[in-house]
Amino acid sequence: MLSYPFMQNAYMAGTLIAIISGIMGVFVIARNMSFLTHTLSEIGFAGAAFGIFMGWQPLNGMLLFTTISSIGVGELGAKSSRRENAISAVSALAIGLGILFLSLADTNASYATGILFGSVIGISRANVIQMMALSAGVLLTLVVIYRFLKFDSFDPIGARVEGLWTRTLSVIFLILLAFSVSVAAQIVGSLLIFILLTLPAAAAKYFVHTVGKMAGLAVIFALVGVWTGLYLSYVTNWPVSFFIAAIEAGIYFIALAVDWAKN
Amino acid sequence: MSEPILQLDNVSFAFPDKTVIENLSYTLEKGAFLSIVGENGVGKTTLMKMVLQELKPSNGRVRFLPNRNSVEIGYVPQFRNIDPEYPLSIRDFIGLNFAGFRTPWLTKKERQRVGELLTETKLTGVSDRPLGQASGGEKQKAYLAQALLDNPNLLILDESTASLDPVAKTELLDLVKSLNQRLGLTVIFVTHDIPLARHYSDQYLFLTPGTYEAGPISALSDEKVAKMNNA
């Protein structure tokens, strides 16, 4: 299986995605941003469709749309009273735009399914290199702001009282999230991105109780899902995103059951 | 005479529709244990926000002595977003306050400091328990330990005992009183609980709408409390 270049690329990309998603997911969960992450992925769909319409790589269109909108969506969703409605409005608009761009680009339906649900064969070596650069940027930024982000995510009141630059942190985090969404969408597709950015971290928090250990375990859960999903997809020719979704959801439900049994 | 650490000079604060504090002057001395009491809505939390410099007084000024840099504030807020599923252990929660551009992991010295505070707050036995599953008293002690992490010389407890049972209240305030007496930590305790204020503090500041009264805690009689509440 690994003698095929497309599978090598898929495994390299999948590994990067699992690492980024596992770590970022811990902060997504702590900051209650699962819904916002889902919206960013839909914006990513619009961006990828725009990229195709413009004749670019879909990933570049995704990066453009998610990065610009991450800040705006974050601001819209800042007030909890209007968060759901504001984010739903942006989601609807993004999906509409995505459909429009795909229609204008005159592409076939398989292109759209590739963006929405991910694909194993669509990843080139150039994609992998670009994803490596993006992932390295995200990881490096995370290392630099880690202690601040940890405090602000897991104790926002304490962080505010201590005079942390919480607003700037929030903007930096949203940009990192936009990058992560764009990277992760390459395999699982934009519609299922929140599987990797939320479920592994949501499951990890039932087993370990430090931020570092949660990030480590979330990466392991994400790797199990991505690696196994890629293998099963190769063997069965079924969509990889189905397997990854099923494995991650399975891990999450097991975690819930273990927690229920413990308590 | 003790040195002052905080001075409020004719401080007033007005919201667009309401003035909550008017011309409040008070000097807090180093090592004091001050209780700020008063009904809901008289401006206790607003006053604390001015001390924390989250709000600016409409008039007057809040001064730290001898200067702002000499006063490190530890603040234990009234509310925290800790639900039963909150995952971090008590130990990890306390260490959150070590924010800075440093290694992602805590250094040996930092871990030792967290260990000292766990011992100080008698949380060592439950240090690895998720904070979400801790009792109300344990949570308040963890908040206190986190506030003490960077060695404050002024500690503010904002209604920290409000949701605790009598045993947990006593445990928490015994701990704070011991820090006040052993280390000379200056304490501001915001509370509704007059008996608790009488038991632990040595000074009081009683806020009522538009006015206030301050003095040694021994002067805070039941008659005075009744009179102030009816003012």
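Just so it is clear: chains get the letters A, B, ... in the order the sequence lines come, proteins before strands, and each one is counted from 1. All heavy atoms count here, side chains included; hydrogens, waters and symmetry mates do not.
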Heavy-atom pairs under 4.5 Å with chain A, option from Asp92(B), Leu52(B), Ile90(B) with the top count: Asp92(B)
Top contributor to chain A contacts, counting heavy-atom pairs under 4.5 Å, from Arg129(B), Gln133(B), Glu85(B), Glu54(B): Glu85(B)
Phe151(A), part contacting chain B, at a heavy-atom distance under 4.5 Å: both
Any pair counted as salt bridge (Lys or Arg N to Asp or Glu O under 4.0 Å), so long as it reaches residues 252-261 of chain A, sequence neighbours left out: none
Cationic tip of Arg68(B) above Phe64(B) ring, under 6.0 Å, 45° of axis: yes
Parallel, tilted or perpendicular: ring planes of Tyr252(A) versus Tyr206(A), cut at 30 and 60 degrees: tilted
Contact listing (chain A partner; residues 102-110 of chain B; heavy atom under 4.5 Å): Arg102(B), Thr103(B), Pro104(B), Trp105(B), Leu106(B), Thr107(B), Glu110(B)
Results of side chain to side chain donor-acceptor pair (under 3.5 Å) for Ser21(A) - residues two or more places apart only: none
Leu149(A), part contacting chain B, at a heavy-atom distance under 4.5 Å: neither
Ser34(A) and Thr198(A) side chains, donor-acceptor separation under 3.5 Å: no
Ser58(B) versus Ser12(B), side-chain donor and acceptor atoms under 3.5 Å: no
Parallel, tilted or perpendicular: ring planes of His38(A) versus Phe35(A), cut at 30 and 60 degrees: parallel
Side chain to side chain contact (heavy atoms under 4.5 Å, CB included), paired with Phe221(A), selected from Ile251(A), Ile247(A), Leu199(A): Ile251(A)
Closest non-hydrogen atom pair between Phe27(A) and Tyr146(A), with its separation: CZ-CE1, 3.9 Å
Neighbour count >12 (heavy atoms, 6.0 Å) for atom NZ, Lys30(B): yes
Working for side-chain contact (heavy atoms from CB on, under 4.5 Å), residues Val187(B) and Tyr200(B): CA-CA 10 Å; Val187(B) 179; Tyr200(B) 287 99; over 6 Å; no
Greater than 12 external heavy atoms within 6.0 Å of Lys49(B)'s NZ: no
Residues of residues 135-158 of chain B with any heavy atom under 4.5 Å of a heavy atom in chain A: Gln146(B), Asp150(B)
Options His209(A), Lys205(A), Arg160(A), Lys150(A), ranked by heavy-atom pairs under 4.5 Å with chain B, top entry: His209(A)
